[in-house]
*Asks:* 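I have a structure I would like to understand better, so I am pasting it below and will then ask my questions one at a time.
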Amino acid sequence: MAKVPVQFTLNGSEKAEFIDSGTTLLQALRDKIGDTSPKGGCHQGTCGACSVIIDGELRLSCLTLAETCNGATITTTSGLAEGGVLHPLQRAFLDTFATQCGFCTPGMIMAAKALLDHTPNPSRDEVVE
Ligand code: FES
């Protein structure tokens with residue numbers, strides 16, 4: 001399988017790797033880069049456990065080819081905490097026991113973050129596309 005270069009910013013750090021062409025972003029993040037916060041559930045785009053934010057948009061990393069992310073800015077749940085302090089969404093999930101078993105929690109947190117990034121007051125504001 002052909003190796004292709006991929007370079008992107010992950011949680012504020014520049015990453016550059018050679019990956020097998022056709023590797024999903026989920027595989028690249030977990031197996032090549034070592035960020036295991038996105039989880040692989042269904043691997044077919046239905047569960048959302050693998051959700052990450054790419055250039056400000058919520059994306060399913062299991063359906064995104066890593067080689068299409070050249071130059072992108074990618075955020076995963078492991079990049080949300082700052083200085084050892086949990087992001088408010090992480091804190092809220094923890095405080096309200098919303099983590100359930102914890103496996104798909106990173107995807108839910110990233111979905112909530114993407115929603116709030118686009119619609120800070122979702123119960124009052126109209127959703128902005
Ligand atoms: S692993 Fe289920 S949507 Fe990606």
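Worth saying up front: this structure is predicted, and the values here are computed from it rather than measured. If you read the sequence from its start, that first residue is 1, and numbering goes on from there. Whatever order the structure lists ligands and atoms in, that order sets their numbers, starting from 1.
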*Asks:* Working to the nearest 0.5 Å, report the span between CG of Leu94 and OG1 of Thr105.
*Replies:* 10.0 Å
*Asks:* Going by the rule side chain to side chain contact (heavy atoms under 4.5 Å, CB included), which residues pair with Thr96 if we only count those two or more places apart in sequence or in a different chain?
*Replies:* Ala98
*Asks:* Apart from Phe93 itself, what residues make up its hydrophobic cluster, given side-chain heavy atom links below 4.5 Å?
*Replies:* Ile53, Leu58, Leu80, Leu89, Met108, Ile109, Met110, Leu116
*Asks:* Verify side-chain contact (heavy atoms from CB on, under 4.5 Å) between Thr9 and Ile74, making sure each step is shown before the conclusion.
*Replies:* CA-CA 6 Å; Thr9 302; Ile74 301 170; over 6 Å; no
*Asks:* Pick one: which of Ile33, Leu10, Thr36 meets side-chain contact (heavy atoms from CB on, under 4.5 Å) with Thr76?
*Replies:* Leu10
*Asks:* Considering only residues two or more places apart or on different chains, which pairs with a residue in residues 70-99 satisfy salt bridge (charged side-chain N to carboxylate O under 4.0 Å, His left out)?
*Replies:* Arg91-Asp95
*Asks:* Counting no waters, what protein N/O/S atoms lie under 2.8 Å from atom 2 (Fe) of ligand 1?
*Replies:* Cys42 SG, Cys47 SG
